[in-house]
Amino acid sequence: GAVVSQHPSRVICKSGTSVKIECRSLDFQATTMFWYRQFPKQSLMLMATSNEGSKATYEQGVEKDKFLINHASLTLSTLTVTSAHPEDSSFYICSARSPGPENQPQHFGDGTRLSIL
Amino acid sequence: SQKIEQNSEALNIQEGKTATLTCNYTNYSPAYLQWYRQDPGRGPVFLLLIRENEKEKRKERLKVTFDTTLKQSLFHITASQPADSATYLCALSYSGGGADGLTFGKGTHLIIQP
């Protein structure tokens with residue numbers, strides 16, 4: 001089945017640091033990947049859609065200069081949280097849609113727990 | 001905006017019984033609806049997908065129904081086991097081509113008691 005790998009699984013760093021999170025589709029090519037954020041006891045919220053070879057599409061209220069997304073290849077998308085602050089602490093999860101006809105499910109990575117001190 | 005409601009309280013079910021989880025949405029119906037399982041500190045794991053023109057889908061002990069008139073999906077786990085204990089998420093997609101991200105409910109925490 002489709003496997004999505006995310007790295008690192010956990011980051012603890014000081015306020016003001018920039019943090020990069022990688023999302024890889026291991027056994028399939030993904031022209032589109034998605035980045036979500038989940039706060040405790042809340043639903044996953046879509047942050048942005050990462051498109052291979054073009055600019056990401058951000059959801060309303062998500063700062064594109066704060067959350068930089070790069071999708072340079074068909075198997076890798078990165079999310080960089082720039083100058084992170086404590087309020088950016090959250091669980092960040094990426095996903096990629098299975099290849100094939102329409103209405104394929106999305107497969108998720110195991111998430112990155114980001115803690116900003 | 002679209003709202004998705006799942007049983008917010010934890011659902012306690014005795015082992016061997018059928019667990020039924022509910023997902024209700026407002027406004028317009030999605031192109032398709034997915035159910036995921038999420039364990040603590042992990043990403044969601046895909047379980048079942050049902051399209052707007054389908055009434056029911058099954059996979060082993062799992063069954064999903066989709067009623068666009070009621071704007072509701074039901075998720076059933078038959079012969080439940082303690083290993084089924086997890087949070088179950090309902091997610092909607094409005095894009096038939098899958099180009100859009102998913103809109104998730106908060107999930108229902110299911111506890112199967114031995």
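Everything numeric here is computed off the predicted structure, so don't read it as measured data. Here is how names work: the chains are called A, B, and so on, in the same order as the sequence lines, proteins then strands, and each is numbered from 1. All values below were derived from every heavy atom in this structure, side-chain atoms included, with hydrogens, water molecules and symmetry-related copies excluded.
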Student: Within a strict 4.5 Å, meaning less than it, do heavy atoms of the H107(A) and V45(B) side chains meet?
Tutor: no

Student: With side chains defined as the heavy atoms from C-beta onward, is the minimum distance between K106(B) and K41(A) less than 4.5 Å?
Tutor: no

Student: Y36(B) side chain to F108(A) main-chain N or O, any donor-acceptor pair under 3.5 Å?
Tutor: no

Student: Does M33(A) belong to the same Ile/Leu/Val/Met/Phe/Trp/Tyr cluster as F46(B), with side-chain heavy atoms less than 4.5 Å apart forming each link?
Tutor: no

Student: Heavy-atom pairs under 4.5 Å with chain B - which of L46(A), T57(A), L44(A) has more of them than the others?
Tutor: L44(A)

Student: Does any heavy atom of chain A fall under 4.5 Å from the side chain of L48(B), the backbone, both, or neither of them?
Tutor: neither

Student: State whether the number of non-hydrogen atoms from other residues, nucleotides or ligands found under 6.0 Å of K66(A) atom NZ is greater than 12.
Tutor: yes

Student: Which heavy atom in Q38(B) sits nearest to a heavy atom in F91(A), and how many Å separate them?
Tutor: NE2-CE2, 4.1 Å

Student: Give a yes or no on whether E60(B) atom CD has more than 12 heavy-atom contacts from other residues, nucleotides or ligands under 6.0 Å away.
Tutor: no

Student: For chain A, which residues of residues 71-83 of chain B have at least one non-hydrogen atom nearer than 4.5 Å to it?
Tutor: none

Student: Kindly work out whether a path of hydrophobic side-chain contacts (I/L/V/M/F/W/Y, heavy atoms less than 4.5 Å apart) joins Y88(B) to I112(B).
Tutor: yes

Student: In terms of heavy-atom pairs under 4.5 Å, which option from G107(B), G105(B), A91(B) contacts chain A the most?
Tutor: G105(B)

Student: Starting from L62(B), can I reach I50(B) by hopping between I/L/V/M/F/W/Y residues whose side chains sit under 4.5 Å apart?
Tutor: yes

Student: CG/L102(B) to OH/Y36(A) distance, rounded to the nearest 0.5 angstrom?
Tutor: 4.0 Å

Student: Report which part of Q38(A) has an atom under 4.5 Å of a heavy atom belonging to chain B: side chain, backbone, both, or neither.
Tutor: side chain

Student: For R42(B), give me all partners under side chain to side chain contact (heavy atoms under 4.5 Å, CB included), at least two apart in sequence or on another chain.
Tutor: D110(A), D39(B)

Student: Would V4(A) end up clustered with W35(A) when hydrophobic side chains under 4.5 Å apart are linked, directly or stepwise?
Tutor: no

Student: Please tell me whether I116(A) and M47(A) are part of a single hydrophobic cluster in this structure, the criterion being side-chain heavy atoms less than 4.5 Å apart.
Tutor: yes

Student: Below 4.5 Å, heavy-atom pairs only: which of C94(A), S43(A), A48(A) has the largest tally toward chain B?
Tutor: S43(A)

Student: Using non-hydrogen atoms only, which part of Q6(B) is less than 4.5 Å away from chain A: side chain, backbone, both, or neither?
Tutor: neither

Student: Go through the atoms of I93(A) and report whether side chain, backbone, both or neither lie under 4.5 Å from a heavy atom of chain B.
Tutor: side chain

